[in-house]
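Report on one structure; see the data block that follows.
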Protein chains: 2
Amino acid sequence: MPHAHKDQDTPELLLENQLCFAVYSAAHAFTAAYKPLLDQIGVTYPQYLVLLVLWEADGSSVGEIGGKLNLDSGTLTPLLKRLETQGFISRNRDKNDERVVRVSLTSLGRDARIHAVAARRAIVCSLEKTEPEIHKLKALVTELDDRLRTSAPNR
Amino acid sequence: MPHAHKDQDTPELLLENQLCFAVYSAAHAFTAAYKPLLDQIGVTYPQYLVLLVLWEADGSSVGEIGGKLNLDSGTLTPLLKRLETQGFISRNRDKNDERVVRVSLTSLGRDARIHAVAARRAIVCSLEKTEPEIHKLKALVTELDDRLRTSAPNR
DNA sequence: ACTTATTATGTTGCGCGCAATTTAATTGCG
DNA sequence: CGCAATTAAATTGCGCGCAACATAATAAGT
C-alpha cells in the first residue's frame with residue numbers, strides 16, 4: 001500500500017487552487033494597472049475609490065464613504081487629509097451634528113472625473129472582455145464578497 | 001431638451017459597476033474571513049500565503065516565493081523575519097550562491113498545515129458554492145489577473 | 001436637568017505592499 | 001585575471017488597512 005507522505009498529497013492547499021489568492025493577486029494587479037493612469041491625475045488607487053463615491057454623492061460623511069468602501073476612520077481620516085492637502089476635496093463639520101465631517105469636492109476634484117473615465121476605459125480595454133461579461137463577473141465576485149462578509153463575524 | 005448635468009449621467013464610474021472595486025472588496029473580505037482562523041495558527045494572511053508556497057516547495061528562495069506571490073523583497077524580507085521569529089521557518093544563505101536566501105519550514109511550520117486545511121474548508125463552506133463552481137470562478141479571476149499584468153507595464 | 005449610553009471621528013501602533021536605493025555576490029567580457 | 005554588468009536580498013520611506021483606544025458631541029433614560 002502506498003506510503004502517504006503524511007497528508008501532503010491533498011490538492012486542497014495548492015496555491016493554484018486557491019480562489020482567495022486569485023482574488024488577492026487580481027486586486028493588486030488592478031491597483032498596479034491603474035497606477036500609471038492615476039499618477040497623471042495625482043491620486044492613489046484608494047483615493048480614486050473615494051472620488052468615485054464623491055462623484056456619485058458629493059458631501060458624503062466620512063462614515064458614509066466608509067460604509068460604501070468598507071473602510072474605517074483609521075484608514076479614511078489620513079487619506080482624506082491627503083486628498084484635502086492636494087486640493088481635491090474639502091472637509092467640514094456638519095452644522096447640524098458637529099460629530100460628522102462632510103466631504104465635498106473642489107472644482108479640481110470634480111474636474112478629475114473626466115480623466116477617470118478615460119482611465120477606466122483603458123483598463124476595461126486591456127481586459128479584452130465585453131461589458132456584459134465584465135458585469136457578469138462583477139456580480140459573481142460581489143456575491144463572494146457578500147457571503148464572506150455575512151458568514152462569520154459581522155463585527 | 002434635458003439639461004445634461006455636465007456628463008454626470010454616465011454609469012461608467014458608478015461604484016456598483018466597478019469590477020476593480022468588487023475584486024478589491026472581495027480580497028479584503030477574504031482576509032477578514034481568514035483572520036479568526038489564522039489567528040489560531042498565529043499567522044497573518046500574507047504569512048499564510050507564504051506557508052502555502054513552502055508546503056508545496058520547501059526550501060524555496062525569497063525570489064521564488066516572491067515570483068509565485070507577486071511580492072518583492074521589500075515585502076517579503078520583514079515578513080519572513082517575523083515568521084522566523086515566531087518559529088515557523090528558518091532562513092539560510094544558499095551555500096552555492098551566497099546571494100540567495102533559502103527558506104525552510106520548521107516542524108512547527110509543517111504542523112501548521114493541518115490547521116490550514118481546516119481553515120480553508122471553513123471558508124469554502126461559507127461560500128456556499130461547489131468546488132467546480134469555485135474552480136471556474138478562480139479561472140475567470142486568474143484570467144483577469146493575467147491580462148492586467150501582461151497589458152501595460154511588464155516592469 | 002443630569003447622568004449614562006451611543007455615535008462619529010480622530011489617534012496610535014503594526015503589518016503589509018511597492019518604489020527607490022543600497023549592499024554584496026556572481027557572472028561576463030576583455 | 002580584472003573589472004564592469006548583473007543578480008538577490010536588504011533597507012528606507014510612504015500610503016494603505018485594521019484593531020484598539022481616545023475624544024467629543026448627541027441621544028436616551030431617569
Side-chain angles (χ1 to χ4, degrees), chain A residues 21 24-36 38-39 42-51 60-86 88 91-103 149 153 155, chain B residues 21 24-36 38-39 42-51 60-86 88 91-103 149 153 155:
Chain A
F21 173 66
Y24 164 95
S25 182
H28 292 311
F30 265 119
T31 301
Y34 266 104
K35 183 170 192 310
L38 296 180
D39 279 350
V43 298
T44 65
Y45 182 74
Q47 289 166 8
Y48 163 70
L49 295 179
V50 168
L51 291 181
S60 292
S61 69
V62 173
E64 287 164 348
I65 296 169
K68 290 180 183 174
L69 299 181
N70 301 309
L71 296 173
D72 67 7
S73 66
T75 300
L76 284 174
T77 296
L79 185 156
L80 292 169
K81 283 182 179 174
R82 285 185 285 268
L83 275 179
E84 185 177 38
T85 298
Q86 299 176 5
F88 293 100
R91 303 186 308 139
N92 302 286
R93 293 274 165 186
D94 188 312
K95 289 302 174 193
N96 293 57
D97 185 343
E98 291 281 338
R99 289 173 303 181
V100 337
V101 169
R102 302 238 154 250
V103 182
R149 288 182 194 277
R155 82 188 43 247
Chain B
F21 172 67
Y24 164 95
S25 183
H28 292 311
F30 264 118
T31 301
Y34 266 104
K35 181 168 194 312
L38 297 179
D39 279 349
V43 298
T44 65
Y45 182 73
Q47 289 167 8
Y48 163 70
L49 295 179
V50 169
L51 291 181
S60 293
S61 70
V62 173
E64 287 164 348
I65 296 170
K68 290 180 183 175
L69 299 181
N70 301 308
L71 296 174
D72 66 7
S73 67
T75 299
L76 284 175
T77 296
L79 185 156
L80 292 170
K81 284 182 179 175
R82 285 185 285 269
L83 275 179
E84 185 177 39
T85 298
Q86 300 178 3
F88 293 100
R91 302 187 308 139
N92 301 285
R93 293 274 164 187
D94 188 312
K95 289 301 174 194
N96 293 60
D97 186 342
E98 291 280 340
R99 288 173 302 181
V100 337
V101 169
R102 301 239 156 250
V103 182
R149 288 181 194 278
R155 80 188 44 247

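Everything numeric in this text was worked out from a predicted model, so none of it was measured. Side chains are part of it too, since the values below use all heavy atoms of this structure and drop only hydrogens, waters and symmetry mates. Labels below follow one simple rule: chain letters A, B, ... track the order of the sequence lines, proteins then strands, and each chain is numbered from 1.
A/Leu79 has its CG atom 15 Å from the C1' atom of C/dT9, to the nearest Å. Rounded to whole Å, the distance from CG on B/Asp72 to C1' on C/dA20 is 11 Å.
For the pair A/Gln86 and A/Asn96, both in contact range of DNA chain D, the more 5′-proximal nearest nucleotide belongs to A/Gln86. Map B/Asp97 and A/Arg91 each onto its nearest nucleotide of DNA chain C; the residue landing nearer the 5' end is A/Arg91. Nucleotides of DNA chain C nearest to A/Arg93 and A/Tyr24 differ in position, and the one nearer the 5' end is that of A/Arg93. DNA chain D is contacted by both A/Glu98 and A/Pro78; A/Pro78 maps to the nucleotide lying nearer its 5′ end (nearest heavy atom per residue).
If you check every strand for non-hydrogen atoms under 4.0 Å, A/Asp94 touches nothing. Within the 4.0 angstrom heavy-atom criterion, only backbone atoms of the sugar-phosphate kind lie near A/Ser61; the bases stay farther away. Residue A/Asn70 is in sugar-phosphate contact alone, with no base atom involved, counting any heavy-atom pair closer than 4.0 Å across all strands shown. Within 4.0 Å of A/Leu71, counting heavy atoms only, lie sugar-phosphate atoms of the nucleic acid but no base atom. Backbone-only engagement by B/Gly63 is indicated by non-hydrogen atom pairs under 4.0 Å involving sugar-phosphate atoms exclusively.
B/Pro36 approaches B/Ala33 most closely through the heavy-atom pair CD-O, 3.5 Å.
Between the side chain of B/Ser25 and the main chain of B/Phe21, no donor-acceptor pair closer than 3.5 Å is present. Between the side chain of A/Arg102 and the backbone N or O of A/Asp94, no donor-acceptor pair lies under 3.5 Å.
Rounding to the nearest 0.5 Å gives a distance of 10.0 Å between CZ of B/Arg91 and CG of B/Leu83. Rounded to the nearest 0.5 angstrom, A/Glu64 CD and A/Leu69 CG are separated by 12.0 Å. Note: A/Leu80 CG to A/Thr75 OG1 = 10.5 Å, rounded to the nearest 0.5 Å.
The partner of C/dG30 is D/dC1, by the rule that a Watson-Crick or G-U pair needs both atom distances under 3.5 Å.
With hydrogens and angles ignored, a donor-acceptor pair closer than 3.5 Å exists between the side chain of A/Arg99 and the base of C/dT7.
Using a 4.0 Å cutoff to heavy atoms of chain A, the contacted part of DNA chain D runs 5' to 3' from D/dG15 to D/dT26.
Which of C/dT26, C/dC18, C/dG10 sits closest to the side chain of B/Thr75 comes down to C/dC18.
Below 30°, between 30° and 60°, or above 60°: for A/Tyr24 and A/His28 the angle between ring planes is above 60°, a perpendicular geometry.
OP1 and OP2 of C/dT9 both lie 4.0 Å or more from every side-chain N or O belonging to A/Ser73.
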